Amino acid sequence: MAKPLDHKTATDVELVAASQAGDMVAFEELVARHRDKIYARAFSMMRNEEEAIDLAQEAWVKAWQRLKQFQGDSSFATWMTRIVINLCLDQLRRQKRTRAESIEQLDEELGGVERQMPVVASNPTEGLERAELRKRIDKAMVQLSYEHRTVLILHEFEEMEYKQIAKVMNCSIGTVMSRLFYARRRLASLLQSLKKEQQS
Amino acid sequence: MNIELKLQALVDGELDAREVREVEALLARDEFASLLVQELKWTKSAVRHSEAGVALPETREFFWSKVERGIAAEARNQAAPAASVAPAWWTKLLFPASGLAAMVAVLFVMSGPRSSSDDALNENVAEDINAYSFHSEAEKMSVVYVSDENADFSPVGQEVKNETEAEK
């Protein structure tokens with residue numbers, strides 16, 4: 001007779017297999033283990049607590065429905081993160097359609113603005129404590145458009161290659177490279193401004 | 001690909017060996033390119049090490065209860081259209097039955113003229129005895145006329161609520 005699954009000590013692979021067989025308790029354990037990471041990703045993209053909670057919840061509901069499609073090619077956490085990223089992108093695209101584009105955003109889309117920015121010659125984050133670094137990056141990220149923020153998140157946090165980002169964001173590799181370049185240059189400029197503000 | 005994007009691709013490790021050699025040769029002779037690569041590296045490193053450990057601001061139980069309700073609601077939503085999509089067996093007969101009904105109605109209309117006004121029905125009961133009846137559903141009334149030898153019709157009975165005098 002098969003040994004009953006101890007949900008607390010079971011691996012993700014075991015919990016996924018049990019969930020695929022309809023074990024809701026196993027799925028609850030997966031939610032408990034990964035809920036913070038999924039919420040954090042939603043929050044980093046949406047910059048809004050309520051929306052991030054709703055989208056994280058929606059991602060878990062979707063995951064349960066699609067659980068049979070999960071083949072284990074990547075880790076469960078990676079698979080879940082892709083689900084929440086796609087939901088966030090859908091939501092951000094919907095919001096963008098209803099929002100007037102600023103002139104700056106149009107400039108960003110057309111490209112070229114980043115080339116006019118002077119190069120930041122000294123490291124704007126040098127000597128910062130981790131908490132302070134997070135705070136400043138967070139402040140600067142809010143000022144980026146969602147396309148630029150997302151491309152940074154996918155590249156730096158999710159460690160995706162250009163072609164993977166292009167697939168997720170449904171755009172060309174060239175667009176990914178331009179957006180990433182603009183996002184980094186703008187971020188460097190914003191971080192330098194924050195450093196100057198702090199010093200003065 | 002323009003040179004700035006090539007410099008960035010170098011930082012991200014997205015160039016092949018030949019391109020790496022080309023860009024590195026450029027960096028050796030172009031100070032602006034070197035400074036730009038340095039800036040890109042700083043930003044990349046700063047962002048990569050700044051992922052905030054944000055925790056979901058809801059308890060495990062409360063969040064799970066919402067997820068559970070969401071799962072149940074989705075299951076209901078999927079079950080409801082499935083039930084309405086599968087038609088009952090008798091609905092398959094609706095189209096032929098309605099066609100048949102339409103044909104019967106057409107045949108009935110075409111089968112002969114009927115004189116009527118309102119919902120009244122005039123009927124010659126039996127021509128050889130010179131009797132004539134009148135019935136109106138709207139008036140809830142039936143009248144029977146019988147002719148005398150002069151062929152003058154006069155009512156011999158009248159009743160309300162569809163009862164004829166003869167039946168009484």
Side-chain angles (χ1 to χ4, degrees), chain A residues 24 27-28 31-32 35-44 49 52-54 56-58 60-65 114-115 119-126 128 130-131 133-138 140-141 152-153 155-157 159 161-163 173-174 177-178 180-181 183-185 187-188 191, chain B residues 1-16 19 23 27 30-79 82:
Chain A
M24 278 283 242
F27 190 65
E28 184 189 355
V31 173
R35 67 197 185 111
D36 284 343
K37 180 178 166 50
I38 299 308
Y39 166 74
R41 180 58 62 249
F43 183 76
S44 66
E49 192 177 288
I53 293 173
D54 288 348
Q57 183 194 328
E58 199 181 331
W60 285 109
V61 173
K62 280 229 166 355
W64 171 261
Q65 292 171 318
E114 65 276 14
R115 290 189 190 96
V119 174
V120 175
S122 63
N123 187 349
T125 58
E126 194 177 15
L128 289 179
R130 200 178 171 86
L133 173 67
R134 277 180 182 170
K135 207 170 130 188
R136 289 196 190 182
I137 296 277
D138 218 41
M141 292 273 261
L152 264 182
I153 289 166
H155 195 271
E156 310 307 357
F157 295 169
E159 299 184 21
E161 294 176 0
Y162 294 165
K163 64 178 176 191
I173 290 176
M177 292 173 80
S178 300
L180 192 56
F181 188 67
R184 282 171 168 161
R185 298 238 53 213
L187 206 65
L191 289 170
Chain B
M1 194 193 307
N2 69 40
I3 193 64
E4 285 105 338
L5 296 186
K6 271 201 175 175
L7 293 172
Q8 175 177 250
L10 176 77
V11 171
D12 292 330
E14 293 259 1
L15 296 179
D16 60 34
E19 288 173 312
V23 176
L27 287 175
D30 188 332
E31 194 186 353
F32 176 80
S34 295
L35 287 171
L36 187 56
V37 164
Q38 190 56 61
E39 185 202 281
L40 291 170
K41 281 182 180 172
W42 285 333
T43 317
K44 181 184 170 83
S45 169
V47 175
R48 196 156 275 201
H49 296 107
S50 73
E51 164 109 83
V54 186
L56 183 75
E58 288 181 353
T59 63
R60 171 181 174 156
E61 292 74 22
F62 183 64
F63 186 67
W64 170 248
S65 72
K66 292 201 304 184
V67 172
E68 210 174 15
R69 277 203 303 274
I71 290 170
E74 280 298 318
R76 276 196 304 274
N77 287 347
Q78 283 180 352

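Residue numbers start from 1 in every chain, and the chains themselves are labelled A, B, ... in the order their sequence lines are given, proteins ahead of strands. This structure is a prediction, so every number in the text was calculated from the model and none was measured.
Contacts between Glu58(A) and chain B at a heavy-atom distance below 4.5 Å are absent for every atom of the residue. Both the backbone and the side chain of Ala9(B) come within less than 4.5 Å of a heavy atom of chain A. Only the backbone of Thr59(B) comes within less than 4.5 Å of a heavy atom in chain A; its side chain stays farther off. Contacts between Ala56(A) and chain B at a heavy-atom distance below 4.5 Å involve backbone atoms as well as side-chain atoms. Neither the backbone nor the side chain of Arg136(A) comes within contact range of chain B, judged by heavy atoms closer than 4.5 Å. For a residue to count as touching a neighbouring chain, one of its non-hydrogen atoms must lie under 4.5 Å from one of that chain's; by this rule Ile137(A) touches chain B with the side chain only. For Arg184(A), the parts sitting under 4.5 Å from any heavy atom of chain B are the backbone and the side chain alike. The parts of Leu180(A) that come within reach of chain B are both its backbone and its side chain, each placing non-hydrogen atoms under 4.5 angstrom from that chain. Proximity to chain A is limited to the side chain of Glu14(B), based on heavy atoms less than 4.5 angstrom apart.
Between Glu4(B) and Arg185(A) there is no salt bridge, since no side-chain nitrogen of the basic residue lies less than 4.0 Å from a carboxylate oxygen of the acidic one.
A perpendicular orientation is assigned to the rings of Phe27(A) and Trp60(A), their planes being inclined by more than 60° (bins at 30° and 60°).
Contact count versus chain B (heavy atoms, under 4.5 Å) is highest, among Leu187(A), Ile53(A), Thr125(A), Leu191(A), for Ile53(A). For the set Val31(A), Leu133(A), Leu152(A), Val119(A), the count of heavy-atom pairs under 4.5 angstrom toward chain B peaks at Val119(A).
A side-chain donor-acceptor contact under 3.5 Å links Arg41(A) and Ser44(A).
For the atom pair CD (Glu161(A)) and NE2 (His155(A)), the distance works out to 8.0 Å, reported to the nearest 0.5 Å. Atom CG of residue Leu27(B) and atom CG of residue Leu35(B) lie 10.5 Å apart, to the nearest 0.5 angstrom.
For the pair Tyr39(A)/Glu49(A), a side-chain contact is recorded, criterion being any heavy-atom separation below 4.5 Å from C-beta on.
Atom NZ of Lys135(A) sits in a sparse spot, with 12 or fewer heavy atoms from other residues, nucleotides or ligands closer than 6.0 Å.
A search for ring pair (Phe, Tyr, Trp, His ring centres under 6.0 Å) contacts involving Trp42(B) returns nothing, not counting sequence neighbours.
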